[in-house]
Amino acid sequence: MFSSSTTVARRFDTLAVVLSGACLVHCLLLPIAAAFLPLLSHAANAEWVHWVFVALAVPTSFLALRHHGNRSLRIVLLRVAATLGLVFLVCGALGWPSHATETLVTVLGGLILASVHIVNYATGHNAA
């Protein structure tokens, strides 16, 4: 049976995967929909949306990946990968290294982060 901290962490992993999916929808599908519905064009290009996703992703990832002192190699690798995903999301929100690569960098960050949370969820949060 999972402990209560494990249940909370699993909920944050689930939330993180949902947020990553919403980010991917925003990056990939909203611009296509905007081509057909001009009212959506503003939401497809709104810079503040990127910062909302970053502001939600950072605490959600932190809370999902806290393992109460567990420093196993798996946990360390998950944290490193999550940090890389978050850095990519921030770079995408900043339009770095260029505006042309913004979507690619953001999508990569979202996929990395979603993958980390899926692995974290699936492996059961063995809190120490």
Side-chain angles (χ1 to χ4, degrees):
M1 188 57 117
F2 294 113
S3 69
S4 62
S5 65
T6 299
T7 302
V8 170
R10 285 185 143 215
R11 288 183 181 151
F12 280 114
D13 280 326
T14 302
L15 177 60
V17 172
V18 169
L19 289 172
S20 292
C23 180
L24 292 173
V25 167
H26 168 76
C27 287
L28 301 175
L29 298 181
L30 199 56
I32 293 169
F36 296 102
L37 300 168
L39 292 174
L40 290 177
S41 65
H42 180 63
N45 295 317
E47 294 300 320
W48 64 268
V49 174
H50 299 120
W51 291 109
V52 168
F53 280 121
V54 170
L56 292 171
V58 171
T60 302
S61 294
F62 175 78
L63 291 169
L65 295 171
R66 63 188 170 107
H67 288 276
H68 305 290
N70 188 340
R71 295 174 199 244
S72 69
L73 181 59
R74 178 183 66 84
I75 300 303
V76 170
L77 291 175
L78 285 175
R79 288 176 180 164
V80 168
T83 301
L84 179 65
L86 290 168
V87 166
F88 277 30
L89 289 180
V90 170
C91 288
L94 291 170
W96 188 87
S98 70
H99 184 69
T101 61
E102 174 184 336
T103 299
L104 176 63
V105 171
T106 303
V107 168
L108 285 174
L111 288 173
I112 291 169
L113 207 50
S115 299
V116 165
H117 289 291
I118 289 168
V119 169
N120 196 47
Y121 183 92
T123 55
H125 308 286
N126 298 319

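If you read the sequence from its start, that first residue is 1, and numbering goes on from there. Predicted, not measured: the structure shown is a model, and the values here were computed from it.
Atom CH2 of W51 sits in a crowded spot, with more than 12 heavy atoms from other residues, nucleotides or ligands closer than 6.0 Å.
Side chains of L65 and H117 form a contact here, defined as non-hydrogen atoms less than 4.5 Å apart. Taking the side chain as every heavy atom from C-beta outward, L86 and V90 never approach each other to under 4.5 Å. The shortest distance between side-chain heavy atoms of V105 and P97 falls below 4.5 Å.
Nearest heavy-atom pair across A114 and V17 is O-CG2, 3.9 Å. Residues F12 and T60 approach most closely at O-CG2, 3.4 Å, considering heavy atoms. For the residue pair A93 and H50, the shortest heavy atom distance occurs at CB-CB, 3.7 Å.
Atom CZ of F88 sits about 6.0 Å away from atom CG of L108, to the nearest 0.5 Å. Rounding to the nearest 0.5 Å gives a distance of 9.5 Å between CG of L104 and OG of S98. Atom CZ of R11 is separated from atom CG of L15 by 11.5 Å, given to the nearest 0.5 angstrom. Residue R74 holds its CZ atom at 3.5 Å from OG1 of T123, rounded to the nearest 0.5 Å. Atom CG of L89 sits about 11.0 Å away from atom CG of L94, to the nearest 0.5 Å. Put simply, CG on L19 and CG on L56 are 5.5 Å apart, with the number rounded to the nearest 0.5 Å.
Transitive grouping of hydrophobic side chains (ILVMFWY, heavy atoms separated by less than 4.5 Å) keeps I118 and I112 in distinct clusters. Linking Ile, Leu, Val, Met, Phe, Trp and Tyr residues whenever their side-chain heavy atoms come within less than 4.5 Å places W48 and F53 in a single cluster. V107 and V87 end up in different hydrophobic clusters when Ile, Leu, Val, Met, Phe, Trp and Tyr side chains are linked at under 4.5 Å.
Using modelled atom types, no side-chain atom of R79 and backbone atom of V76 make a donor-acceptor pair closer than 3.5 Å. Panel note: side chain N120, backbone D13; no donor-acceptor pair is recorded below 3.5 Å.
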